[in-house]
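To keep things clear, I will list the structure first and then write my remarks on it.
In this chain, residues are counted from 1 in sequence order. Only this structure's heavy atoms are used, side chains among them; waters, hydrogens and symmetry mates stay out.
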Amino acid sequence: MFCVLTVNYRKNTFFERLFDRIIKDDYELVTVPVLSGAPFYHLTATVGKKGVDYERVIFEVGRCAQRLVVSEDTQLPQTRGIGEFNSDLFYKKLIHNTADYILSKIPKDAVFDEELGIITYCCNEIIIGEDKNDFSLLEQYNALKPQGIEKYKFAAALYELCGVFSIGDCYFNSVIVNGEKKNTESVYFS
């Protein structure tokens with residue numbers, strides 16, 4: 001399991017400035033069920049100018065605080081028990097799926113460099129995975145993704161931590177062929 005952390009800052013209105021010490025920060029935790037996988041947590045923190053109380057985050061989500069999925073603009077502190085989920089396992093799976101798809105469309109004497117994600121064939125170079133978010137996520141999982149969260153991070157967490165292995169069949173929508181971006185479906189060399 002993992003936890004998606006969404007931070008909303010209260011508006012700095014006159015009323016909120018006047019009663020800042022009285023208004024409490026709000027932490028709302030929801031368990032989100034996932035089709036064909038384990039559920040995940042979504043913690044929405046509505047806070048004032050003091051920011052997020054990460055001790056409260058640890059209290060709310062427990063061990064899942066070590067596997068947080070956050071937006072790009074949220075900076076996590078270097079506190080024990082808090083950590084951002086980062087993994088390249090899903091990215092490597094997307095590269096392999098895309099490479100398998102492309103290699104099935106071109107003759108067999110192509111060379112695939114797994115580490116760089118490059119297919120070479122007859123002086124043509126196909127680069128796979130330039131944009132991590134350039135893949136199609138199934139609609140039932142895309143609907144679960146909170147606003148402001150990167151699609152790749154969310155899908156990787158679903159794949160690795162919730163066991164949604166059907167996402168592992170996805171591949172990148174576009175590749176770079178000789179410096180030009182092309183749709184993966186249209187890549188073909190005779």
Do the two ring centres, one from Y171 and one from F135, sit under 6.0 Å apart?
no
Strictly under 6.0 Å, is that where the ring centroids of F85 and F40 end up?
no
Residue pair [X] / [Y], side-chain heavy-atom distance below 4.5 Å:
X    : Y    : value
Y41  : V32  : no
L5   : Y54  : yes
I119 : V175 : no
T120 : D113 : no

Can you check whether [Y]'s main-chain N or O pairs, donor with acceptor, with [X]'s side chain at less than 3.5 Å?
X    : Y    : value
K182 : S186 : no
N97  : G168 : yes
T184 : S174 : yes

To the nearest 0.5 Å, what is the distance between [atom1] on [X] and [atom2] on [Y]?
X    : Y    : atom1 : atom2 : result
Y152 : D88  : OH    : CG    : 5.0 Å
I118 : F112 : CD1   : CZ    : 9.5 Å
I126 : I102 : CD1   : CD1   : 5.0 Å
H96  : Y91  : NE2   : OH    : 11.0 Å
Y141 : L35  : OH    : CG    : 4.5 Å
E185 : N173 : CD    : CG    : 8.5 Å

Step through the shown structure and confirm whether more than 12 heavy atoms of other residues, nucleotides or ligands are within 6.0 Å of CD on E28.
no
Do [X] and [Y] share a hydrophobic cluster, counting only Ile, Leu, Val, Met, Phe, Trp and Tyr and linking them when any side-chain heavy atoms are less than 4.5 Å apart?
X    : Y   : answer
V70  : L29 : yes
V34  : F90 : yes
V30  : Y27 : no
L144 : F2  : yes

Testing the basics here: between K153 and E72, what is the closest heavy-atom pair and its distance to 0.1 Å?
NZ-OE2, 4.2 Å
Step-by-step side-chain contact (heavy atoms from CB on, under 4.5 Å) determination, S71 to T6:
CA-CA 7 Å; S71 64; T6 306; over 6 Å; no
